[in-house]
Every structure is written in C-alpha cells, then in structure tokens.
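To keep things clear, I will list the structure first and then write my remarks on it.
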Amino acid sequence: MTSIVVNLSDLELDPAATLDSGQVFRWRHLNESRTEWMGIVSGAQFKVTRKVATLVGSDRNSFDFDELISRYFSAGDRLESIFSSFPSDDPLLNSALSRFSGLRLITQDPWECLVSFVCSINCNIPSIKLKIENLSRKYGKRIDSSLDEKSYSFPTARALSKAEKNDLLNCKLGFRWRYVKFIAQKVAAGDLDLEKIYSMPYKAGLSELISKDSGKTFGVGPKVADCVLLYSFHKSEAFPLDVWIMKCVKKYYSTELNKLPEKLTLRNYLFIAESMRERFGINAGYAQLYLYEKIRRDSVTQSKARA
DNA sequence: TCCCAGGTCCTAC
DNA sequence: GTAGGACCTGGG
C-alpha cells in the first residue's frame, strides 16, 4: 500500500473536540494528550492529528482518499465566517466557540450515520460505540491494515437486512435490533433512497427520514433524523434536541419560548427546534454542536469536582 | 442496587 | 393530540 498523507493544516481542526463530539463513533485516541486519533472512514483506516490524516489501511485498492478526508471534515466550512453569523449577545455560545474552536461538523456516510443514531436511542456514547463495533466485526469487511489490530468496515444495508435477530441481540443492540433490521431492509430494497436526500431542502429531508410505512415500527424519530441530516447530509439548519440540549434550552433560552412544553412530543420538538433556528440562523447546527460540547464537558468537570 | 444514557413507540384517554 | 410507561444494556 502506498503511503497516503492528507494535509489538514488549513482546516483549523481540533481532532479531540471533533472526533469525540458524539457525531461519529468509530474513533479512539492513541495518546493520553488526545492529539493522535485512529478511526474508520468509508472502509479506510486513518490516523489523524491536527495537521495530517495518514491512511494506514483500506479495503479499496485505488480511491481518492484526499477527497474523502476533505469531505469528511467538511473542508468547505470556514469556521470564522460561520461564527460571525451567530448573534453576538450570547455569552454561553460565545464561550463555547472560543473554548472548542476547531470543532468541525463531520460529513459522514448517511447509511452509517443513520444506523449509528438508531443505535444511540436511550444509550450513552461508550455503549453506542460498542454496538457499532460489534456490528462491524460481525457484518463488516476486514480491513487490510499496516497496524496489528483488526478493524472492520461498517456493514452494508444488504448485509444487515439479512441479519438474524439473535445475532443482532448478540451485538448488544437490545430492542433496537428490529429498528436496524427494518431500515436495513428498507434501504436494501430501495424503498428509502438516502442519496436523494442530498438534493432535498432540510424540511423535505426530515419528512423523508421520519416517514412511516403504514404505521410500522421504524426507529427514526425527529432527533435521529436531525442528527443524520446534520452529520451526514450537512443540512446545517438541523438542530438536534437531545436530553443535554434540552437541559441547556431550559436553562438559558426558555425565556425566548412563550411556554416551554414539559413533554417532548413531535409537535413540541419541532416547535423548540424551530425557535432555535430562528435564534441561530442557517448555521444553527454548528451552534448546537458547540453548545452540546460545552454542556457535556462542563458536566464531566462538575461530576469530577463532586467526587 | 439504582439510575441514566445524543429516543421512539404504543396504549389509553 | 398527548401524557405515561416500556424498552435492552453497560457504566457510574
């Protein structure tokens, strides 16, 4: 395998913030200072630092890895210009922007992203990583790597559409097994065409992802759909509302909403997300990314302080 | 042992 | 239309 090194120095990339931000789940740090990371992108294994991405393994012989990595880290996004699009009178967001500058939106494969966030339902991040790793080991392809450790590509929809219930349960999917199998069958059969969502506006993409077949269990609600729209289709208006962001909205932004509903029904979800879009504008998804990072890190710091 | 986690679905009203 | 509760499981 020829040595392929992609230059990242123009990106202002903070790998620790970006690769451990809950957008992607197939990365781990290689040193305690969290400056070197290793992970899988579209069947290729990379080592990443602030300055470069180095290909260390792949199941493809020839491929434009430079293009793959530039796209993955959303190289077209200019952070300074995005930051300047936010309201200046927001101390919480401003503190997050300066503290985590270099946190970038990932543009990952929609299929992998969809399954990952279905696996995220009612789970914490280590548990999501475990599920995805198990699925990849069981149903993915072994990646030929220059490193000793074994790694596997993310399984195709076709592979997961044929998976047995017990095997999915052995991958620790729990009740999510039927959701994963269902969407795999839907994608494999062409009933859900993820590719066409690239050209759709945000709201049409949202409807496409959360549409149901005769009320049948699907596993994709507004939160999962927003994550997929933001982290793979790069629809930057998407503002995923999870338990962390809801705590943040209640504490800092609830006065902007006429009355903050207690229960997050679909209707309430759409109302709150729309309010946040009105506040943060076209790049609301970037604001969500930074706010999420801040409240999650602050929570870790606080729980350590209490211990 | 209990509680919670990047939610969604079903039932009853 | 919506509140209440169930759901697998690992980790703190």
Side-chain angles (χ1 to χ4, degrees), chain A residues 17-27 96 100 103 105-106 108 112-135 163 165-183 186 206 209-232 238-250 259-273 276 284-307:
Chain A
T18 304
L19 300 173
D20 201 22
S21 60
Q23 303 180 73
V24 282
F25 303 99
R26 301 213 66 197
W27 292 87
F100 302 108
L103 167 57
L105 204 52
I106 298 283
Q108 62 184 296
E112 177 172 344
C113 189
L114 178 58
V115 176
S116 298
F117 281 95
V118 167
C119 287
S120 82
I121 297 174
N122 218 216
C123 271
N124 55 28
I125 289 177
S127 179
I128 302 166
K129 286 185 170 178
L130 177 71
K131 289 173 176 54
I132 293 168
E133 194 55 37
N134 289 342
L135 281 178
K165 173 185 175 180
N166 282 338
D167 290 333
L168 292 172
L169 288 175
N170 285 336
C171 290
K172 306 298 177 189
L173 290 197
F175 63 85
R176 303 159 200 82
W177 78 268
R178 64 176 81 242
Y179 301 160
V180 168
K181 172 128 181 162
F182 182 75
I183 59 169
K186 207 166 150 153
L206 188 69
L209 282 171
I210 64 180
S211 64
K212 293 181 185 175
D213 290 342
S214 59
K216 204 173 172 187
T217 303
F218 186 31
V220 184
K223 157 64 173 56
V224 170
D226 265 342
C227 287
V228 177
L229 289 166
L230 186 58
Y231 307 141
S232 66
F239 193 92
L241 291 175
D242 59 34
V243 288
W244 294 93
I245 286 291
M246 277 308 294
K247 283 179 200 164
C248 170
V249 169
K250 281 181 179 167
K259 187 176 187 309
L260 195 62
E262 270 309 309
K263 167 96 176 160
L264 203 52
T265 59
L266 174 61
R267 186 187 168 94
N268 294 340
Y269 180 103
L270 297 175
F271 170 70
I272 297 170
M276 294 299 103
Y286 256 102
Q288 192 273 5
L289 192 60
Y290 276 80
L291 290 172
Y292 176 76
E293 190 68 7
K294 175 163 170 54
I295 46 184
R296 208 163 57 98
R297 298 285 171 211
D298 284 352
S299 163
V300 171
T301 311
Q302 284 162 12
S303 58
K304 278 185 182 164
R306 278 195 296 271

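Protein chains get the first letters and strands the later ones, always in sequence-line order, with residue 1 at the start of each.
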Check: What residues form a side chain to side chain donor-acceptor pair (under 3.5 Å) with A:W27, not counting sequence neighbours?
Finding: A:Y72
Next item on the list: Considering only NZ, NE, NH1 and NH2 on the basic side and carboxylate oxygens on the acidic side, decide whether A:K129 and A:E133 come within less than 4.0 Å.
Entry: no
Note to self: Taking side chain to side chain donor-acceptor pair (under 3.5 Å) as the definition, give me every residue that meets it alongside A:Y290, ordered by chain and number, with sequence neighbours left out.
What the structure shows: none
Next item on the list: Fill in the dot-bracket string of DNA chain C, one character per base: . for unpaired, | for a pair to another strand, ( ) or [ ] for pairs within the strand, taking Watson-Crick or G-U pairs under 3.5 Å.
Entry: |||||||.||||
Check: Starting at CZ of A:F182 and ending at P of B:dC9, how long is that distance when rounded to a whole Å?
Finding: 10 Å
Next item on the list: Please name all residues satisfying side chain to side chain donor-acceptor pair (under 3.5 Å) with A:N124, sequence neighbours left out, ordered by chain then number.
Entry: none
Check: When the distance from CG of A:L114 to C1' of B:dG7 is rounded to whole Å, what number comes out?
Finding: 14 Å
Item checked: ring pair (Phe, Tyr, Trp, His ring centres under 6.0 Å) against A:F117, all qualifying residues, sequence neighbours excluded -> A:F25, A:Y231
Notebook entry, point to check: Salt bridge between A:R296 and A:D20, side-chain N to carboxylate O under 4.0 Å?
Noted result: no
Check: Mapping A:L241 and A:V220 onto DNA chain B by nearest heavy atom, which one lands closer to the 5' end?
Finding: A:L241
Check: So, A:Y292 and B:dG6: ring centres less than 5.5 Å apart, planes less than 30° off, yes or no?
Finding: yes
Next item on the list: Could you state the atom-to-atom distance from CD1 of A:I245 to C1' of B:dG7 in whole Å?
Entry: 15 Å
Check: A:P222 or A:K247: which one's nearest nucleotide on DNA chain B is closer to the 5' end?
Finding: A:K247
Item checked: Side chains of A:N122 and A:R176 in contact at under 4.5 Å (non-hydrogen atoms) -> yes
Notebook entry, point to check: Which parts of nucleotides 1-9 of chain C does protein reach within less than 4.0 Å, heavy atoms only, written one letter per nucleotide 5' to 3' as B for base, S for sugar-phosphate only and - for none?
Noted result: SSSBB-BB-
Next item on the list: Quickly work out the A:D242 CG to B:dA5 C1' distance and round it to whole Å.
Entry: 10 Å
Notebook entry, point to check: Are A:D226 and A:Y269 close enough that a side-chain donor and a side-chain acceptor fall under 3.5 Å?
Noted result: yes
Note to self: Please report the distance, rounded to the nearest Å, between CH2 in A:W244 and P in B:dG7.
What the structure shows: 11 Å
